[in-house]
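Written below as structure tokens is the structure these notes are about.
Atom set for the values below is all heavy atoms of this structure, side chains included, hydrogens, waters and symmetry mates excluded. Numbering of ligands and ligand atoms starts at 1, following listing order.
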Amino acid sequence: MPVTETLRPDEAGLSRAADLLRAGELVAFPTETVYGLGGDARSDLAVARIYEAKGRPRFNPLIVHLPDVDAARVLGDFDQRAERLALAFWPGPLTLVLPLRPDTGLSPYVTAELPTVALRVPAHPVASALLRAFGGPLAAPSANPSGRVSPTRAAHVIEGLDGRIAGVVDGGACAVGVESTIIGLDGPAVLLRPGGVPAEAIEAVLGHPLQQGGSTVKPTAPGQLASHYAPGAAVRLTASRPEPGEVWIGFGPGCEDADLSLSATGDLVEAAANLFHLLREADRLAGPDGRIAIAPIPEAGLGRAINDRLRRAAAPRP
Ligand code: AMP
Ligand code: MG
């Protein structure tokens, strides 16, 4: 992808941005907190591209951005607490982690296969207009390479991601500059990340104190790990050839006779987008007490996130 288009926040610019997003491309856009790196939250490929562009070493769950609370209710289960917080703080810098509703069409990469989903309705007029023009949910982590400072201007986005994303809508400087406050509501209300809305304001609406720093924000916590999909079959990694009886998942040239392939050409973005689904498919083919072997994946770029997920799938289970 040679050039990142800088788009104006007018009708023509937003319609171009929406077209790119519909084509599965990535477009950064301003929110009131920081610039978000938007991709279609229903597309495995678009979400894999987000991880690729940011250089994320792990499939962490992403926040889904929506134009209004009605669109959010389709994806998450709103209890009374969620309704009250949405009414008080949306649109605005508040993210709610809610039980994921069934059959939402969201990519499992957005939730990292968790039974919860993080939802936000941003207040920035350009973000709202883009969400309406696009007409669907946008996964949007901060638009910076992993490990770097979050961008609050289009120029910062270009500095970090030029040539790695299709476009950026230039809406000037972000007003809040810190990330959204994240509240977990899949149990007792918990402050998962402090941010743009003060915890005290949230406690005032809820009428009671928040629990601090719940474990749901760390997908490596034991409870969390258990909810990742683990194949029933035994998984063997870096398998250049299958052993008899194994279902072999190939990657790249040289694996033409594999049962399934993450990417015939060795494309890591394609492999990432196929990964979750192929693990399930291989598990089905392997059957009860079956065995899965997976070809080596290079430990570079998106390969690190793929290998991280594969190591979890291969880890001994209780
Ligand atoms: P960001 O990179 O700014 O988009 O931050 C996303 C944050 O939301 C991360 O800290 C995630 O761990 C958290 N998050 C997103 N989805 C979930 C979820 N389903 N459950 C718990 N935390 C979540
Ligand atoms: Mg970030």
Side-chain angles (χ1 to χ4, degrees), residues 26 28-39 41 46-47 49-66 72 75-78 82 92-102 104 106-122 124 127 137-152 156-157 159-161 165 174 176-197 210-229 276 305 308-309:
L26 306 184
F29 61 95
T31 77
E32 69 275 27
T33 59
V34 302
Y35 271 73
L37 179 56
V47 183
R49 285 185 172 137
I50 291 179
Y51 287 99
E52 143 88 356
K54 287 182 62 81
R56 279 206 173 174
R58 216 160 270 131
F59 293 113
N60 295 324
L62 304 175
I63 298 171
V64 179
H65 293 66
L66 302 150
L75 305 178
D77 247 328
F78 278 65
L94 174 70
T95 295
L96 299 177
V97 174
L98 303 177
L100 176 67
R101 291 177 61 97
T104 58
L106 282 181
S107 165
Y109 294 86
V110 163
T111 53
E113 301 182 298
L114 299 172
T116 52
V117 62
L119 303 171
R120 172 159 115 83
V121 175
H124 197 292
L138 287 179
S142 54
N144 52 287
S146 189
R148 302 244 219 110
V149 177
S150 294
T152 53
H156 300 166
V157 176
E159 251 169 65
L161 297 175
I165 63 176
C174 301
V176 178
V178 298
E179 268 127 348
S180 61
T181 304
I182 306 182
I183 303 294
L185 290 176
D186 53 328
V190 53
L191 177 66
L192 296 174
R193 179 178 76 189
V197 176
L210 291 163
Q211 296 195 2
Q212 300 292 314
S215 63
T216 47
V217 90
K218 282 209 194 88
T220 47
Q224 208 69 0
L225 188 57
S227 52
H228 278 263
Y229 175 76
F276 287 7
D308 174 73
R309 182 66 185 85

task = Enumerate the protein N/O/S atoms at a distance below 2.8 Å from the Mg ion (ligand 2), ignoring waters.
result = Ser142 OG
task = Applying side chain to side chain contact (heavy atoms under 4.5 Å, CB included), name anything that partners Ala72, two or more places apart in sequence or on another chain.
result = Leu66, Phe78, Trp90, Leu119
Sequence-distant partners of Arg101, salt bridge (Lys or Arg N to Asp or Glu O under 4.0 Å), two or more places apart = Asp77
task = Just let me know how Ile182 lines up against ligand 1, side chain, backbone, both or neither, with a heavy-atom cut-off below 4.0 Å.
result = side chain
inquiry  = Can you tell me which portion of Glu113 lies within the under-4.0 Å heavy-atom range of ligand 1? Options are side chain, backbone, both, or neither.
reply    = neither
query = Who gets closest to atom 4 (O) of ligand 1 by heavy atom: Pro99, Ala139, Gly76, Pro141?
reply = Pro141
note = Tyr109 meets the ring-ring contact (aromatic ring centres under 6.0 Å, His included) criterion, sequence neighbours left out, with Phe59, Phe276
query = With the threshold set at 4.0 Å, does a side-chain nitrogen-carboxylate oxygen contact exist between Glu179 and Arg120?
reply = no
ask   = Would you call Arg309 and Glu113 a salt bridge, using N to O less than 4.0 angstrom?
value = yes
key: Option among Thr111, Val110, Asp186 that satisfies the side-chain contact (heavy atoms from CB on, under 4.5 Å) test with Leu100   = Thr111
ask   = For Arg56, is at least one N or O under 3.5 Å away from an N or O on ligand 1?
value = yes
key: Nitrogen or oxygen atoms of Thr116 and ligand 1 under 3.5 Å apart   = yes
task = Go through ligand 1 atom by atom and flag the ones less than 4.0 Å from a non-hydrogen atom of Val117.
result = 19 (N)
request  = Enumerate the atoms of ligand 1 whose separation from the nearest heavy atom of Arg193 is less than 4.0 angstrom.
outcome  = 1 (P), 3 (O), 5 (O)
ask   = Quick one: does Thr111 get within less than 4.0 Å of ligand 1, heavy atoms only?
value = no
Spacing of [atom1] belonging to [X] relative to [atom2] belonging to [Y], to within rounding of 0.5 Å:
X: Thr116; Y: Leu96; atom1: OG1; atom2: CG; answer: 12.0 Å
X: Leu210; Y: Ile183; atom1: CG; atom2: CD1; answer: 4.5 Å
X: Arg193; Y: Ser180; atom1: CZ; atom2: OG; answer: 4.5 Å

query = Looking at side-chain heavy atoms only, is the closest gap between Ile63 and Ile182 below 4.5 Å?
reply = yes
